[in-house]
Amino acid sequence: MSDPMKIRASLVGDSTEVKVLMSHEMETGQRKDAQGQTIPAWFIQNVVVTHNGKTVLAAQWGTAVAKNPFLSFKFKGGAKGDKVTISWTDNRGDKRTDEAVIA
Amino acid sequence: MIDRRRRTVLQSGGSATLLGLLAATGWLKPGEARAEAWNKGAFDSHSMPDAMKALGGTDSVVPSKDIVFFQTPEIAENGAVVPIGITSNIPKTESIAILIEKNPNLLAAVFDLPGGTEPTVSTRVKMAQTSNIYALVKADGKYYVATKEVKVTLGGCGG
Amino acid sequence: MFARAVFALAAAAIAPAAIAQGSTADEIAKYRAALREGNPAELWQARGEALWREKRGPKHVTLEGCDLGLGPGIVKGAYAQLPRYFADADRVMDLETRLVWCMVKLQGYTESDAKRNVFGSGNDKKSDLEALTAYITSESRGVPMKVPLSHAKEMEAYRVGEKLFFFRGGTHDFACATCHGEEGKRIRLQDLPNLMTAEGAQKAYTTWPAYRVSQGELRTFEWRLYDCFRQQRFPELAFGSEAAIALTMYLARNANGAPYDGPAIKR
Amino acid sequence: MIPSARVALFVLGAIAAGCATPVDEGEIAAKATAVIKASFKPAGQAGLDRLEQDETQRACSAAAGKALPRDIATKIEQANLATIRYPADGKFLGDWKNGEKIAQEGRGMQFSDNPSGPVGANCYACHQLSPAELSFGTIGPSLYQYGKLRGNGIEVQRYTFGKIYNSEAFTACSNMPRFGHKAILSEQQIKDVTALLLDPASPVNQ
C-alpha cells in the first residue's frame with residue numbers, strides 16, 4: 001500500500017497555496033534491473049485537487065515526472081479551516097486520496 | 001477555428017505532430033477535468049522535430065514572453081530531479097504543459113487550471129540529458145510556447 | 001632525476017583560470033534552493049513517526065520506551081547528542097545502532113531481523129531503520145550539536161575515528177582525508193567540506209540524513225559512510241561496526257556547536 | 001621496492017612527528033588497525049586484502065595530512081619511481097578520444113562494479129580538462145591547455161605518462177591514484193589519457 005501524501009495548504013493573501021509530496025516510484029519503463037530485465041513502467045497518470053467539492057487542478061502526468069513527486073500551485077477562494085482533497089491514480093489502477101486543512 | 005488550426009499543424013509537420021495529437025485526441029478541451037482522462041497518444045510521442053515544426057508555426061503556436069520559467073535552474077546537479085516552475089501571464093490561461101525535447105517520451109505533464117486557479121505550477125521532472133524544455137500554454141483557445149535550456153551534469157564520485 | 005626536472009618544468013607552467021566556474025556555481029545554488037521547497041524526506045519522517053508509535057515485533061510494544069541517551073522515550077534533541085556511550089550496552093552507539101538495540105531489547109526482534117533492510121531500495125524494500133532515523137533526526141532540527149566526550153570510550157572512539165579518517169587503502173590509495181581534508185575543493189560540481197574543521201564538519205554532518213535525488217531514497221549517515229568506502233574501493237563497511245561508529249563520533253563531535261539542520265535534500 | 005627495515009624506520013619517524021599525545025598514541029593506532037580489520041566484509045571484487053597497506057599507504061596515513069619530512073618524502077618518491085614501466089615501444093601518446101572516455105568514466109574496481117565492466121580514471125572528478133565539460137572537480141589542478149602550455153615534446157610525454165602511471169613517484173602522498181602501479185588502467189589506457197592531455201587536436205588544448 002502506498003504511503004500517505006504530505007500536503008500543506010496555507011492562505012497567502014487571498015490565495016491558497018498548495019504544496020504536496022507524494023510517495024511513488026514513478027518508474028519510467030526504460031530502466032533494467034540487475035538481471036537485464038526491463039522494469040515495467042509504473043507511474044501516476046492523474047492528479048485531481050478539489051476544494052469544497054470543486055476541482056481546482058487536474059493534471060495528467062507521464063513517466064518523466066520525478067520519483068516521489070512534488071507539486072505546488074495556488075487557487076483563489078479558500079478559507080482557513082477548509083479542506084483540500086488530493087487524489088492520484090496510477091497506471092496500475094492504484095489510487096490514493098488524502099486531505100489537508102487550509103492553515 | 002480549432003479545426004483550421006489543427007490542419008495547419010498537420011500540414012506544416014507533414015505527419016502527425018505532437019500538437020496535432022494533443023488537439024486530435026481532445027487534449028485541453030474546455031471543461032475537461034476528468035480524472036480518468038489520460039492522453040495516451042500525446043504521452044507516447046517520441047519525436048520532437050515534427051512537433052517543433054508545428055510549434056514554430058506562428059499560426060498554431062505563438063512563442064510568448066508572457067510565459068515565465070521560475071525556480072528552473074540553467075544547470076541541474078542531477079537529471080533525476082529537475083525543478084520546473086511555469087507562470088503564464090497570458091489572460092484566460094486554461095492549461096500548462098511541460099515537454100522535454102530530448103526525453104524518450106516528450107510530454108512530461110499537463111495541468112488543467114479551472115477559473116480561480118492561478119496560472120502557475122511548480123513540479124519536478126526527470127531529464128535523460130541536457131535539453132530544451134517547452135512550456136506550452138493554452139489560453140482562450142490559442143496555443144503559446146516558451147523555451148528554456150537546462151543542462152544536466154554528471155556529479156559526485158562518478159560511480 | 002630526469003623526471004624531477006621535467007616535473008619542475010611542468011609545475012612552472014601556470015594553469016589558466018577555470019572557465020565559468022562562478023556562473024556554474026550560481027546556477028547549481030539555484031538548483032539546490034529550488035529543491036528545498038519540498039523535501040521528500042518528509043515522507044520518510046511521517047512513516048518513521050508512525051513506526052515509532054506502533055506496537056510491533058514479537059513483544060508487540062512500541063519504541064516509545066527506547067532510551068536514545070536523554071532518557072526513555074525522549075526524542076526531542078536526542079540526535080544532537082549522538083553518538084554516545086550507553087551503559088546498558090557498554091559501548092558507544094550511533095542512532096542507527098541504538099535503534100537496532102531497542103528493536104531487539106524492547107520489541108523482541110532478532111538482531112538480523114532488525115538489520116534486515118538497513119538501506120532501502122524502492123517500494124518493495126523499504127527500510128524501517130531509514131524511516132525511523134528520519135523521524136528521530138527531524139526532532140533535533142535547530143538543536144545545537146552537543147556530542148559528549150566525557151566517557152573514556154567516547155574519547156577512544158573519537159581518536160580511533162580520527163585515525164581512520166587518514167587511513168589510506170584499496171586500489172586507489174584513498175582515505176576520507178583525500179577528499180575531505182582541504183578547504184574549498186569540490187568533486188565534479190559538489191563542494192567538499194573539510195571535515196577536520198568545525199565549519200566543514202558542521203556543514204556536512206548536520207545535513208544528514210538526506211533525501212538523495214540521485215537515488216530517490218532517504219539516506220542515513222551510516223549509509224553515507226558505507227557509500228564513501230564503496231567509492232574509495234574498500235570492501236563493504238559493516239552496518240553498526242566499530243569503524244562506522246568511530247568515524248561518526250569523530251565527525252559528529254567536530255560539528256559541535258552548530259544547529260542540526262536535517263534531514264536535508266541533496267543531489 | 002624499498003627495503004623493509006628502512007620503511008619501518010620512516011613510518012615510525014612519521015608517527016613520532018605527528019604525535020600530539022604521546023602517552024597512548026601507539027595504543028590508539030593499534031586499536032584503529034584492529035577496528036579496520038573487524039569492520040569490513042568482502043564484497044564483489046573488493047576483498048579484505050584491500051585493507052592491507054603497502055609502505056607508501058602506511059607512511060602517508062601516519063602523516064595524517066601533514067607534510068612529510070623531505071627525506072621521507074624523497075624515499076617514497078624514489079621507491080615509486082622505480083615501479084614505473086614505460087612503454088616498450090617508446091610511444092607515449094595514444095588516442096585522445098578514447099582518453100576523454102576514460103577521463104569521464106567513474107566506474108571500476110568498486111565492489112558494486114561489474115568486474116568485467118568498464119574501468120575509468122575519472123579524471124574529471126578532480127581536474128578540469130576539456131572546457132566543454134562544466135562538471136569538473138578541483139581536488140587536483142586544472143589541466144585545461146595542459147599540452148598547449150607545456151608543449152608536447154618527448155620529455156613532457158614521458159613525465160605525463162609516468163605521473164599517471166604512479167603519481168607518488170613525483171609527489172609523495174599525492175591524492176592521485178597510482179593508475180599503472182595498481183593496475184587500474186592498462187598501458188594503452190594510460191597512453192590514451194596522455195594523448196588527451198598532450199595531443200594538439202585534443203579539446204584540452206584548444
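Just so it is clear: chains get the letters A, B, ... in the order the sequence lines come, proteins before strands, and each one is counted from 1.
Using a 4.5 Å cut-off between heavy atoms, C/Glu242 contacts chain D through both its backbone and its side chain. At a 4.5 Å heavy-atom cutoff, the contact between C/Leu192 and chain D is made by side-chain atoms alone. There is no contact between D/Glu52 and chain C, counting heavy-atom distances below 4.5 Å. Contact annotation for D/Ala64: both backbone and side-chain heavy atoms come within less than 4.5 Å of a heavy atom of chain C. Using a 4.5 Å cut-off between heavy atoms, C/Phe229 touches chain D through its side chain atoms alone. At a 4.5 Å heavy-atom cutoff, D/Gln45 makes no contact with chain C through either its backbone or its side chain. Of the atoms belonging to D/Thr33, not a single heavy atom falls under 4.5 Å from chain C. Looking at D/Ile139, the atoms closer than 4.5 Å to chain C (heavy atoms on both sides) sit in the backbone and in the side chain alike.
Applying a 4.5 Å heavy-atom cutoff, the residues of residues 167-177 of chain C that approach chain D are C/Phe167, C/Arg168, C/Gly169, C/Gly170, C/Thr171, C/His172, C/Asp173, C/Phe174.
With ring centers used as reference points, C/Phe165 lies under 6.0 Å from C/Tyr250.
A cation-pi contact, defined as under 6.0 Å to the ring centre and within 45° of the axis, is absent between D/Arg50 and D/Phe40. For the pair D/Arg150 and D/Tyr146, the distance from NZ or CZ to the six-membered ring centre is under 6.0 Å and the angle to the ring normal is within 45 degrees.
For chain C, the option among D/Ser39, D/Ala46, D/Ala43, D/Gly44 with the highest count of heavy-atom pairs below 4.5 Å is D/Ser39. The choice from C/Ala246, C/Ala244, C/Ala243 that makes the most heavy-atom pairs within less than 4.5 Å of chain D is C/Ala243. Here D/Ser61 is the residue among D/Ala183, D/Pro42, D/Ala34, D/Ser61 with the most heavy-atom pairs under 4.5 Å with chain C. Of the listed residues (D/Pro177, D/Cys126, D/Gly151), the greatest number of heavy-atom pairs within a distance under 4.5 Å of chain C belongs to D/Pro177. Between chain C and the options D/Cys60, D/Gly140, D/Gly137, heavy-atom pairs under 4.5 Å are most frequent for D/Gly137.
Shown here for C/Ser214 and C/Arg267, the closest heavy-atom pair between the two residues is OG-O, 3.1 Å. C/Asn254 approaches C/Leu195 most closely through the heavy-atom pair ND2-O, 3.2 Å. Here the shortest heavy-atom pairing between D/Pro87 and D/Lys91 reads CG-O, 3.4 Å.
When atom types are taken as modelled, the side chain of D/Thr83 and the backbone of D/His181 share no donor-acceptor pair closer than 3.5 angstrom.
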Output, in order, the C-alpha distance, side-chain angles, deciding distance and verdict of side chain to side chain contact (heavy atoms under 4.5 Å, CB included) for D/Asn175 and C/Glu182.
CA-CA 11 Å; D/Asn175 285 328; C/Glu182 280 184 84; 3.7 Å; yes
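Counting non-hydrogen atoms of neighbouring residues, nucleotides and ligands closer than 6.0 angstrom, the CD atom of C/Glu199 reaches no more than 12 such neighbours. C/Glu111 CD: 12 or fewer foreign heavy atoms inside a 6.0 Å radius.
Here D/Glu25 pairs with C/Arg159 in a salt bridge; the nearest charged N to carboxylate O distance falls below 4.0 Å.
Within the 4.5 Å cutoff, the side chain of C/Trp223 has heavy atoms near those of the C/Trp208 side chain.
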